[in-house]
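Structure first, then comments.
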Amino acid sequence: MELVKVIEKKVIKDYFVLTVETNKTFNSKPGQFFMLNLLDSLNLPKPFSVMDEKGNYLSFLIKIVGSFTEKISSLKYGDSLLIRGPYGVPIINKIDLTKKYILLGGGCGSAPLIYFSKEYPQLVKDTLFSFKEVYIQSILPKLTLFIDDIMGMTPVEFLSQNQEKLENSGAILCGSKGLLNSFFDTFPNMKNRSYVSLEENMGCGSGLCKGCPVQTVAGVKMVCKDGPIFKANEVNLEWK
Amino acid sequence: MELVKVIEKKVIKDYFVLTVETNKTFNSKPGQFFMLNLLDSLNLPKPFSVMDEKGNYLSFLIKIVGSFTEKISSLKYGDSLLIRGPYGVPIINKIDLTKKYILLGGGCGSAPLIYFSKEYPQLVKDTLFSFKEVYIQSILPKLTLFIDDIMGMTPVEFLSQNQEKLENSGAILCGSKGLLNSFFDTFPNMKNRSYVSLEENMGCGSGLCKGCPVQTVAGVKMVCKDGPIFKANEVNLEWK
Amino acid sequence: MEVDVLGIKFKNPIVIASGPGGNGRELNEFIDLSKLGGFTTKTITFKPKIGNPPPRIINIDNGVINSIGLENSGFDSFLNDDLPFLNELNTNVIASIGGYNVEEFCYMIKNLNNTNIKIIELNLSCPNVDKGGDTILNDLEETKKIVKQASKISQKPLFVKLGIECNLEELAKIVLENGADGLTLINAPKGTKVNLDKNNPVELSRGFGGVSGPIIKPLALSCIYRVKKIFPDVSIIGMGGVVSKADVLEFLKVGATLVGIGYGVMMDPQLPINIIDDL
Amino acid sequence: MEVDVLGIKFKNPIVIASGPGGNGRELNEFIDLSKLGGFTTKTITFKPKIGNPPPRIINIDNGVINSIGLENSGFDSFLNDDLPFLNELNTNVIASIGGYNVEEFCYMIKNLNNTNIKIIELNLSCPNVDKGGDTILNDLEETKKIVKQASKISQKPLFVKLGIECNLEELAKIVLENGADGLTLINAPKGTKVNLDKNNPVELSRGFGGVSGPIIKPLALSCIYRVKKIFPDVSIIGMGGVVSKADVLEFLKVGATLVGIGYGVMMDPQLPINIIDDL
Ligand SMILES: Cc1cc2nc3c(=O)[nH]c(=O)nc-3n(C[C@H](O)[C@H](O)[C@H](O)COP(=O)(O)OP(=O)(O)OC[C@H]3O[C@@H](n4cnc5c(N)ncnc54)[C@H](O)[C@@H]3O)c2cc1C
Ligand SMILES: Cc1cc2nc3c(=O)[nH]c(=O)nc-3n(C[C@H](O)[C@H](O)[C@H](O)COP(=O)(O)OP(=O)(O)OC[C@H]3O[C@@H](n4cnc5c(N)ncnc54)[C@H](O)[C@@H]3O)c2cc1C
Ligand SMILES: Cc1cc2nc3c(=O)[nH]c(=O)nc-3n(C[C@H](O)[C@H](O)[C@H](O)COP(=O)(O)O)c2cc1C
Ligand SMILES: Cc1cc2nc3c(=O)[nH]c(=O)nc-3n(C[C@H](O)[C@H](O)[C@H](O)COP(=O)(O)O)c2cc1C
Ligand code: FES
Ligand code: FES
């Protein structure tokens, strides 16, 4: 793993943006992720999508949901952590490049889409980086966000009222299973024009351990290696 | 357990003096010890002898030998830790009060004897708070120490050359098994005038778990509850 | 949070596990044992046992390896010296007994029948004695015989304490079919610590001891879960690394009826009471 | 640190344990497998197995609970698709095989006899399939039969992989007396995680999985120590929580001949090479 240094940390309640300085350029692509770990930890590292890479700086958007995210949220400027990656297939390698896309992110699922919209503006028809609460704006000030609490509705409800946005365009979705399901329940015919970025509990994060399966039309695939981005109509999210 | 606060920490290489502020007066006596633990630790607490108690301040002399002592050595002013105690029988409750004593401490074994000499100067004939290395003086500046490296000999060798110190007096020893054995090998007839403070790996530290046995003339006893101080001729240090 | 176990009322589901709380006298100086759902004695053997030589305690990450070796002053001394004290407590006493053959177990059970103790627990899984329960379990016929005979004689509910170094599901079946009323799960599994800095790098004279504490919690939870799946109605005293209210709820969730605390008492004698106050 | 195991030279004692390294192709993109003492395949079964549904990985303190369920594409696919790649490597390949009956094991062994693989490992202890090795071990007669037959047919040294949820000493005796040449210790013991915040608080669809990582190290060390005490000359591939050079030395100290790394590869694919460079 590579040692990196915390350069900036912007925290607001349960969200934070973490920027680290690296010793090399990783050339990560939107949709890829890194495995992060604390120094001297005997736990497995955990996956986080790149929100931005610029030279020797990598940024992540992280939600505090448990003990690991809690611990990295309390790192200070100059503290070290360990990373390896980038892993996963870049979104750009999977999608139909003749189309334009609505980017729909839910919470931290917005991170890879934020990176995507910066790198490939020509492929983006519109963005819905959606979050429930207003406060998130204070750590992502330069972005136009969709705030449920301001809009008074979810992004899927918003799209139902503005269906023209989806006409002739694909969608790239990244968020909870709830978000994905509600989108495809509402717009079933989007399934063959959309891509979904999946989350699964990960072990190795790098295609070795068979720990992160998803059922696809081509058999069981690994989210970490064959994804996280998949064509929406090729995966079965209900395998239990 | 009680929450206490680090008030002072003096470190020199592998030794440090730790002073904590407590919310109550424990009225610990020389020879007694506390069980110390870190906040949020799932490990067992570990035993440390009191080197001094003054009002709401407790001091310990600690040698860094492993992961726990390493971790407390890196606590900073104001940090919290957990303690419970005091445990063990005060030296004063065990010894023959009609005698005067040579106090022989080896390394951190000096801690309880330093406290004893402060509380009961009338019972002390002489002190040998012995350490191998000179640097220890910088964190125990007010005390007269026996430094092997300065004297060019061990405290037991020194006593062989100054046997008059042992005449008509008892001894209270606290240190490694090596120190105790070398003393009694050299002065076998001191055995029935001396007391030894024993160390044993501890579990509960408070007489519950039968984790810290010593074989005595009266059967198996617990170092934490029945000791740590024992009459030298009543314990078998070779039980294995 | 009152619990009913085979007709016996426990004022809460928290019991002290056998061992770390001794026979109660010392622990009662720190906490009021009458606040507990129950108290399990340190395993009593027919004859006194001097226990293993030191060291008996090896610290490991999130746990401890112990090699006490069932130090106790024997069954008669228990009846005369410890039981009167335990009888005074307003809590349910569980008597843990260990033995080498069916006669020893039966002698002890007969005598316990005439006392106030509420449950008899056969410790067939101590990792720290060369002969005894641990080796009895390896002999399925002997196990059957002892449990059958014990349950015939016992006028108290009979629990059998098992560990994980056995075919747990099969053994559970055997002891329940032969008359045990409940199971205590789990005893400390065997563990070894190596200290490369030492001349004698394998710690503990027997080369291993029993592992307790949070480090065994996932194993303990799975044992209870698996047994409960096969025997949904069996009463289980669950234990292994319980040090918080959340741990207690997790053990209840997988099917424990009562929850034992051993290591937690060594961390802090006050811990069981803190948990009870919080339930 | 060359090691000789039953006449086979290992350039160092480090082998990849079965499972976390897959069948090598993916891992070889991160490290040069030829630097390893050996590489164990993910357990191969006669027929393809789709494995268990997600989640398959549950993080716990100092370890992981996995419920992969032996996902693999079956023995024939292994021979055709994976073995040619493994043959190219300049390291000793250990083939881990799992089965449901003696015929399946024998078919696979016969076919492995004609290959370059160096050791055959019978995985009789996978915690994550409902039928298979785990249940074979509960039937001592079936275990005897399989090991006896396997060792008769095998022209390669035969290792048997055991876990701790069995009477280890007795089983070790049985498999060695019936022709096994060595033992692999230990497979992941069964563990459960409860997440009180969830609707379905017991994680993993089967309610438990196999526990790996430093959390099982004390248990693994004691298994090896205890077996080695009874069979001082047996070759053992030791594993369970090895993540550092010190861990490797500890496993060698209690009697392992080779040391397997599984979880360590998941932490950091580079880890086995870092350790080898440091030995
Ligand atoms: C490819 C990928 C990219 C990711 N990118 C990001 C990111 O950019 N920002 C971010 O904040 N998070 C991201 N995650 C999720 C992140 O890895 C988890 O939130 C983190 O591992 C939780 O660790 P913890 O110890 O804090 O919480 P835990 O204590 O492990 O978990 C807390 C709760 O979250 C649930 N949980 C844990 N991991 C996951 C998971 N992977 N999926 C769904 N639920 C889970 C647990 O079941 C539990 O209920 C990503 C996950 C994947 C697979
Ligand atoms: C009654 C009593 C009073 C004590 N008072 C003091 C004191 O005032 N100051 C002080 O520095 N230490 C004292 N100790 C010892 C102290 O408890 C240990 O040094 C400490 O627990 C080590 O913890 P660790 O995690 O840093 O080291 P570990 O990693 O636990 O151990 C490091 C090395 O030290 C050895 N070791 C650990 N504990 C003991 C022990 N109790 N006896 C002998 N060897 C041991 C280990 O075997 C190992 O080789 C006392 C012990 C007892 C029993
Ligand atoms: C120091 C110590 C002594 C023990 N003595 C006994 C005993 O005498 N009889 C018994 O059945 N279990 C004994 N145990 C095992 C505990 O009762 C319990 O099964 C095990 O430690 C797991 O629970 P815990 O993690 O809460 O301690 C002992 C455990 C420890 C740590
Ligand atoms: C994700 C994962 C998959 C595993 N798959 C197998 C397997 O297919 N066959 C097997 O014998 N053991 C398997 N194991 C067990 C390991 O080989 C090893 O016995 C165990 O994990 C302990 O070692 P470790 O702590 O180094 O991982 C697996 C372990 C993990 C974590
Ligand atoms: S996490 Fe190991 S294969 Fe995906
Ligand atoms: S440490 Fe528990 S009795 Fe002494």
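Residue numbers start from 1 in every chain, and the chains themselves are labelled A, B, ... in the order their sequence lines are given, proteins ahead of strands. Predicted model only: the values in this text are computed from it and were never measured.
- Minimum interatomic distance between C/Asp268 and B/Met1 (heavy atoms only, all atoms of both residues): OD2-N, 3.1 Å.
- Both the backbone and the side chain of C/Asp61 come within less than 4.5 Å of a heavy atom of chain B.
- Neither the backbone nor the side chain of B/Ser67 comes within less than 4.5 Å of any heavy atom in chain C.
- The local environment of NZ in C/Lys253 is sparse, with at most 12 non-hydrogen atoms from other residues, nucleotides or ligands closer than 6.0 Å.
- Note that CG of C/Leu27 is 11.5 Å distant from SG of B/Cys209, once rounded to the nearest 0.5 Å.
- Only the backbone of B/Met202 comes within less than 4.5 Å of a heavy atom of chain C; no side-chain atom from C-beta onward does.
- When side chains are defined from C-beta on, B/Cys204 does not count as touching C/Glu26, because their heavy atoms never get closer than 4.5 Å.
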Discussion item. Run the side-chain contact (heavy atoms from CB on, under 4.5 Å) test on C/Glu71 and B/Met222 for me, step by step, so that the C-alpha distance in whole Å, both residues' side-chain angles and the decisive distance to 0.1 Å come before the verdict.
Written reply: CA-CA 12 Å; C/Glu71 175 181 335; B/Met222 291 302 128; 3.5 Å; yes

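- In this structure, chain B has a heavy atom under 4.5 Å from the side chain of C/Phe30, while its backbone stays farther away.
- When heavy atoms are compared at a cutoff of 4.5 Å, C/Leu271 does not approach chain B at all.
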Worksheet item: Yes or no on side-chain contact (heavy atoms from CB on, under 4.5 Å) for B/Asn201 and C/Ile58, after CA distance, side-chain angles and deciding distance?
Response: CA-CA 7 Å; B/Asn201 290 5; C/Ile58 301 293; 3.8 Å; yes

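- Heavy atoms closer than 4.5 Å to chain C are found in the backbone of B/Lys240, but not in its side chain.
- Inter-residue side-chain proximity for B/Glu200 and C/Pro55 is flagged as met; some heavy-atom pair is nearer than 4.5 Å.
- More than 12 heavy atoms of other residues, nucleotides or ligands lie within 6.0 Å of NZ in C/Lys193, so this atom counts as buried by the packing criterion.
- Around atom NZ of B/Lys231, more than 12 heavy atoms belonging to other residues, nucleotides or ligands sit under 6.0 Å away.
- Taken to the nearest 0.5 Å, the CG atom of C/Asn62 stands 10.5 Å off from the CG atom of B/Leu44.
- Taking every heavy atom of both residues into account, C/Met266 and B/Gly203 meet most closely at CE-CA, 3.7 Å.
- To the nearest 0.5 Å, the span separating CD on B/Glu2 from CD on C/Gln270 amounts to 9.0 Å.
- Here the closest non-hydrogen pair linking B/Pro213 and C/Asn52 is CG-O, 4.2 Å.
- Within 6.0 Å of atom NZ in C/Lys35, 12 or fewer heavy atoms from other residues, nucleotides or ligands are found, so the atom counts as exposed in its surroundings.
- Heavy atoms of C/Pro54 lying under 4.5 Å from chain B belong to its backbone as well as its side chain.
- Counting heavy atoms of neighbouring residues, nucleotides and ligands inside a 6.0 Å radius, atom CG of B/Asn23 does not exceed 12 of them.
- Going from atom NZ of B/Lys210 over to atom NZ of C/Lys42 covers 8.0 Å, rounded to the nearest 0.5 Å.
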Discussion item. Using side-chain contact (heavy atoms from CB on, under 4.5 Å), reason through C/Asn59 and B/Asn43 one step at a time and then give a plain yes or no.
Written reply: CA-CA 8 Å; C/Asn59 292 287; B/Asn43 292 343; over 6 Å; no

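- If you measure heavy-atom distances from C/Asn66 to chain B, you find no contacts under 4.5 Å at all.
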